Trainee: 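Pasting in a structure now, in structure tokens, and then I'll have a few things to ask.
Residue numbers begin at 1 in each chain, while the letters A, B, ... track the order of the sequences. On a predicted model such as this, the values are computed, not experimentally measured, just so you know.
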Amino acid sequence: MKRLCVVVDDREVEENPYKPEMWRIVRRYPLTSDVNFFQMRAVDVDDLLKMDYRPGQFIMGSVLGEGEAPFSISSTPSRPGLMEFCIRKVGTLTESLFGLKENQTIGLRGPYGNGFPIEKMEGKDIMIIAGGLGVASLRSLLLYVLDNRDKFGNLVYLHGARTPGEMLFREEFMQLKERDDLNCLLTVDKDDTGQWTEREGVVTNLFKELGPVDAKNTYVAVCGPPVMYKYVIQQLVGLNIPKHQILMTLERRMKCGVGKCGHCAIEYLYTCMDGPVFTYWDVLHMKEIIGKGVSDNVIA
Amino acid sequence: MILKMKKEDLSAFLESAKEWGELWGPTRKGDKVAFEKVDALSQMDLKATRTIIPPKKFLYPPRFTMFDFDDGGYVERTGEVPNRILFGIHPCDTHGIQTMDKMFLEEYKDPYYAERREKTLLLGHSCIPDEKCMCSATDTEFIAEGFDLFFTDLKMFYLVWVGSSRGHDLVQMRPELFNRDIGKDDIINYTEYRSWKSSQFTSKVDFTGMPDIFELGYNSPVWDELAEKCLSCGQCTMVCPTCNCYNVVDEVELGTIDGTRDRFWDSCMFREYSVVAGGHNFRDRRADRLKLWYTHKLQAYIGEFGEPACVGCGRCVATCPVDINVVSVSKALKEQEVGK
């Protein structure tokens with residue numbers, strides 16, 4: 001057969017971006033009735049080294065025969081060696097995932113997405129506001145800031161959950177209250193235990209306790225259930241936090257994570273490539289979201 | 001590089017080209033036309049305007065296996081693609097392939113697309129617009145790059161554009177069939193051909209200002225009226241040369257955990273397209289799904305790349321069973337009224 005020259009070098013394929021590598025479940029335990037905490041380690045140490053991520057990024061996780069879905073990373077790159085995820089059982093894939101035992105493997109590829117703009121946030125005051133499962137991605141940012149504490153200004157962590165039993169990482173955050181280098185405020189909608197020592201009420205109630213906020217010098221990261229956004233954003237805008245310094249994480253259906261499959265498109269933006277972290281200013285331009293009120297379409 | 005070729009030499013040229021790979025071209029199937037594998041030029045219909053499905057199906061098949069898996073992990077499935085020469089690709093479809101290239105060959109290069117692109121030669125051919133063609137409105141009526149060779153039919157002979165080094169290699173297989181003797185008459189001939197082609201369009205569609213019109217009409221009731229008619233069948237996305245969306249599923253062999261990870265064309269017109277785990281659907285309403293597609297083609301893409309993601313091929317016009325297409329939608333948005 002006649003041979004022709006190849007097209008051009010840049011079409012040479014070095015590696016398959018869709019190929020999951022195998023990771024072992026090192027530790028797995030329940031955080032609440034339907035949310036589990038997973039610690040993973042790459043079977044091949046090279047894959048561990050390649051997984052160089054930043055807070056706010058996500059991975060695509062595969063369970064053999066069940067397909068693939070995006071998951072927020074809950075660990076921080078400042079503590080390398082293991083990756084951590086906080087996963088709620090919501091569908092067939094997560095159901096299979098919850099059926100796996102420690103030492104069994106799953107497929108991971110990534111990290112994907114923009115993550116939080118850490119470089120811009122350095123030197124600024126940081127406010128992190130988590131609701132429900134929103135903590136899955138915000139824990140990464142919180143631990144990162146704590147591990148690099150001298151690079152950031154004041155740190156405020158606000159976390160709301162429905163009940164004490166549903167507060168993810170409750171013990172971990174209770175311990176943070178002992179530290180004097182951050183203001184950690186925890187609240188539950190309703191204390192059904194009678195033993196809750198922290199606040200009761202919605203997360204926006206916590207704003208009253210904040211004291212003066214240096215708005216121009218503050219970056220805020222928000223992630224939580226839809227209903228939370230509307231009220232939190234109102235408060236933040238009321239505090240004069242610049243719209244481009246309010247960071248929110250969007251969730252969309254994804255089949256590739258690398259800008260090809262189309263599912264996560266919002267107008268010309270791809271949640272997987274241009275997000276999942278968007279500023280409130282970005283979101284204001286997304287007619288599809290604004291048309292229905294910010295609250296309806298923004299989920300952890 | 002532009003060369004000249006006698007029309008009667010095309011057949012011999014393609015015969016030689018077949019040494020490199022399979023020859024595919026537009027063939028008639030009843031009143032429709034489809035790209036089929038052929039033995040010779042005589043089996044092709046070069047007068048045909050548009051094939052049912054654009055040539056994207058060769059670079060990005062409707063369904064294929066990405067990985068085989070077992071408990072050891074995922075193994076890439078590649079290397080099953082034959083060399084193919086696609087003859088008779090029109091300028092609109094070549095523009096469509098360039099859009100696909102942008103999507104699949106830039107950041108995070110898609111190895112499946114890249115392999116097929118590598119093994120496919122694109123031999124373009126000039127065409128005569130019909131009443132559904134609107135490439136003059138999308139500025140895709142002529143093409144300067146993206147093909148390996150492009151044949152412009154000037155009645156007595158072909159002008160042959162050489163668009164890649166592979167195209168040049170192909171010419172070198174039968175150099176005696178090409179010449180560089182382009183004279184005054186040829187230039188006049190070509191100039192006349194261009195004006196003649198441009199004068200053949202009857203479509204009145206005009207996409208200028210569409211981004212603003214989409215922005216202004218975002219909440220227009222026109223979308224709900226269009227949604228009343230839409231069947232959500234997804235044919236518009238299947239026939240669109242710039243639609244690249246896909247879905248991925250794992251297929252498991254009964255009683256084992258061995259299986260394949262398969263990828264197939266998806267459509268944003270389908271109800272499940274934007275459903276996330278837990279069941280929330282970001283685009284539950286048909287109007288929202290229609291809006292997504294048209295906003296993407298005629299507004300968002302222009303915002304990002306300065307040109308619409310419509311190449312004017314007219315396939316949505318020819319295919320949609322209820323007359324929803326780039327022409328009727330842009331008209332409805334401008335006039336704030338759904339036709340018929």
Side-chain angles (χ1 to χ4, degrees), chain A residues 1-8 10-22 43 62-70 88 90-94 104-105 107 109 112 226 251-269 273 287-289 291 296-297 299, chain B residues 19-21 66-67 69-74 76 78 83 103-105 107-111 114-115 117-118 121 164-166 169-170 173 215 218-219 243-250 252 257 259 261 266 268 273-280 282-283 288 291-292 295-296 299-301 303-304:
Chain A
M1 186 174 275
K2 166 79 182 172
R3 293 184 67 86
L4 302 183
C5 63
V6 292
V7 184
V8 269
D10 68 10
R11 295 225 176 92
E12 277 174 16
V13 178
E14 305 88 13
E15 58 183 43
N16 189 326
Y18 308 112
K19 187 175 184 302
E21 301 301 345
M22 301 315 278
V43 171
S62 290
V63 179
L64 281 174
E66 294 292 349
E68 203 172 30
R88 174 173 284 162
V90 281
T92 51
L93 189 144
T94 43
Q104 286 191 289
T105 53
R109 59 186 178 91
Y112 299 125
E251 180 202 28
R252 282 295 182 277
R253 180 186 180 92
M254 290 179 193
K255 285 291 174 180
C256 72
V258 292
K260 312 277 189 254
C261 81
H263 290 85
C264 72
I266 304 173
E267 290 162 38
Y268 66 92
L269 295 172
M273 298 284 283
K287 294 186 295 296
E288 197 174 6
I289 291 180
D296 292 337
N297 270 266
I299 300 188
Chain B
E19 248 188 82
W20 183 77
M66 303 172 77
F67 297 100
F69 60 77
D70 57 28
D71 57 2
Y74 299 80
E76 178 182 286
T78 52
N83 285 349
M103 183 59 72
F104 286 120
L105 296 180
E107 208 173 352
Y108 293 112
K109 201 174 300 167
D110 186 299
E115 184 191 16
R117 190 73 171 84
E118 182 72 45
L121 284 176
S164 72
S165 71
R166 296 203 303 179
D169 288 350
L170 218 51
M173 288 165 81
E215 179 91 23
Y218 194 79
N219 294 314
C243 270
N244 62 279
C245 289
Y246 64 78
N247 202 349
V248 180
V249 291
D250 285 358
V252 185
I257 55 161
R261 175 161 287 179
D266 200 356
C268 58
Y273 184 80
S274 303
V275 177
V276 290
H280 181 71
F282 286 101
R283 298 183 186 99
D288 289 338
K291 208 185 282 188
L292 171 72
T295 303
H296 185 83
Q299 179 190 24
Y301 205 83
E304 197 177 10

Trainee: Side chain, backbone, both or neither: which part of B:Asp266 has a non-hydrogen atom closer than 4.5 Å to chain A?
Mentor: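 The side chain, not the backbone.
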Trainee: Is chain A contacted by the side chain of B:Gln299, its backbone, both, or neither, given a heavy-atom distance below 4.5 Å?
Mentor: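 Just the side chain, heavy atoms under 4.5 Å.
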Trainee: Side chains of A:Pro70 and A:Cys264: closer than 4.5 Å at any heavy-atom pair?
Mentor: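 Contact flag for A:Pro70/A:Cys264 side chains = no.
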Trainee: May I ask you to decide if B:Met103's main-chain N or O and A:Lys260's side chain share a donor-acceptor pair within less than 3.5 Å?
Mentor: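 Flag set: sc A:Lys260 to bb B:Met103 pair under 3.5 Å.
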Trainee: Between A:Met254 and chain B, with a heavy-atom cut-off of 4.5 Å, which part of the residue counts as in contact: side chain, backbone, both or neither?
Mentor: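 For A:Met254, there is no contact with chain B at all, as no heavy atom is under 4.5 Å.
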Trainee: At a 4.5 Å cut-off on heavy atoms, which part of B:Phe67 comes close to chain A: side chain, backbone, both, or neither?
Mentor: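 It is the side chain, since no backbone atom gets that close.
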Trainee: Considering only heavy atoms, which portion of B:Asp71 lies under 4.5 Å from any heavy atom of chain A: side chain, backbone, both, or neither?
Mentor: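 Both backbone and side chain of B:Asp71 come within 4.5 Å of chain A.
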Trainee: Should we count OH of A:Tyr268 as having more than 12 external heavy atoms under 6.0 Å?
Mentor: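 Open: at most 12 neighbouring heavy atoms sit under 6.0 Å from OH of A:Tyr268.
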Trainee: Salt bridge between A:Lys19 and A:Glu21, side-chain N to carboxylate O under 4.0 Å?
Mentor: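 Salt bridge: yes.
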Trainee: Look at the side chain of B:Lys291 and the backbone N and O of B:Tyr218, then say whether any donor-acceptor pair between them is shorter than 3.5 Å.
Mentor: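 Present.
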Trainee: At a heavy-atom separation under 4.5 Å, does A:Glu267 approach chain B through its side chain, its backbone, both, or neither?
Mentor: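 For A:Glu267, backbone and side chain are both near chain B.
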Trainee: Most heavy-atom pairs under 4.5 angstrom with chain A, which of B:Thr78, B:Leu292, B:Asn244?
Mentor: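 The answer is B:Asn244.
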Trainee: Report the residues that fulfil salt bridge (charged side-chain N to carboxylate O under 4.0 Å, His left out) with A:Arg253, sequence neighbours left out, ordered by chain and then residue number.
Mentor: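 With neighbours one apart ignored, the set is empty.
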Trainee: Between A:Lys255 and B:Cys245 (side chain of the first, backbone of the second, donor and acceptor by atom type, cut-off under 3.5 Å), is there such a pair?
Mentor: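 Here the side-chain-to-backbone pair does not exist.
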Trainee: Given heavy-atom pairs under 4.5 angstrom as the criterion, report whether the side chain, backbone, both or neither of B:Met66 touches chain A.
Mentor: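 It is the side chain, since no backbone atom gets that close.
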Trainee: Given the rule in the side-chain hydrogen bond (donor to acceptor under 3.5 Å, both in side chains) test, do A:Arg109 and A:Ser62 qualify, once you have shown the distances and angles that lead to the verdict?
Mentor: CA-CA 9 Å; A:Arg109 59 186 178 91; A:Ser62 290; 5.8 Å; no
Trainee: Looking at chain A, which one of B:Glu215, B:His296, B:Arg261 has the largest number of heavy-atom pairs inside 4.5 Å, strictly under?
Mentor: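 Among B:Glu215, B:His296, B:Arg261, the one with the most close pairs to chain A is B:Arg261.
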Trainee: Considering only heavy atoms, which portion of B:Thr295 lies under 4.5 Å from any heavy atom of chain A: side chain, backbone, both, or neither?
Mentor: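 It is the side chain, since no backbone atom gets that close.
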Trainee: Name the option with the most non-hydrogen atom pairs under 4.5 Å to chain A; the candidates are B:Cys268, B:Ser164, B:Ser274, B:Cys243.
Mentor: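 Between B:Cys268, B:Ser164, B:Ser274, B:Cys243, the count favours B:Ser274.
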Trainee: Is A:Gln104 close to chain B through its backbone or its side chain, or both, or neither, when contacts mean heavy atoms under 4.5 Å?
Mentor: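 For A:Gln104, there is no contact with chain B at all, as no heavy atom is under 4.5 Å.
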Trainee: Which atoms of B:Val275 are under 4.5 Å from chain A, going by heavy atoms: the side chain, the backbone, both sets, or neither?
Mentor: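 Both the backbone and the side chain of B:Val275 come within 4.5 Å of chain A.
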Trainee: For B:Tyr273 and B:Asn247, what are the C-alpha separation, side-chain angles and deciding distance, and is it a side-chain hydrogen bond (donor to acceptor under 3.5 Å, both in side chains)?
Mentor: CA-CA 9 Å; B:Tyr273 184 80; B:Asn247 202 349; over 6 Å; no
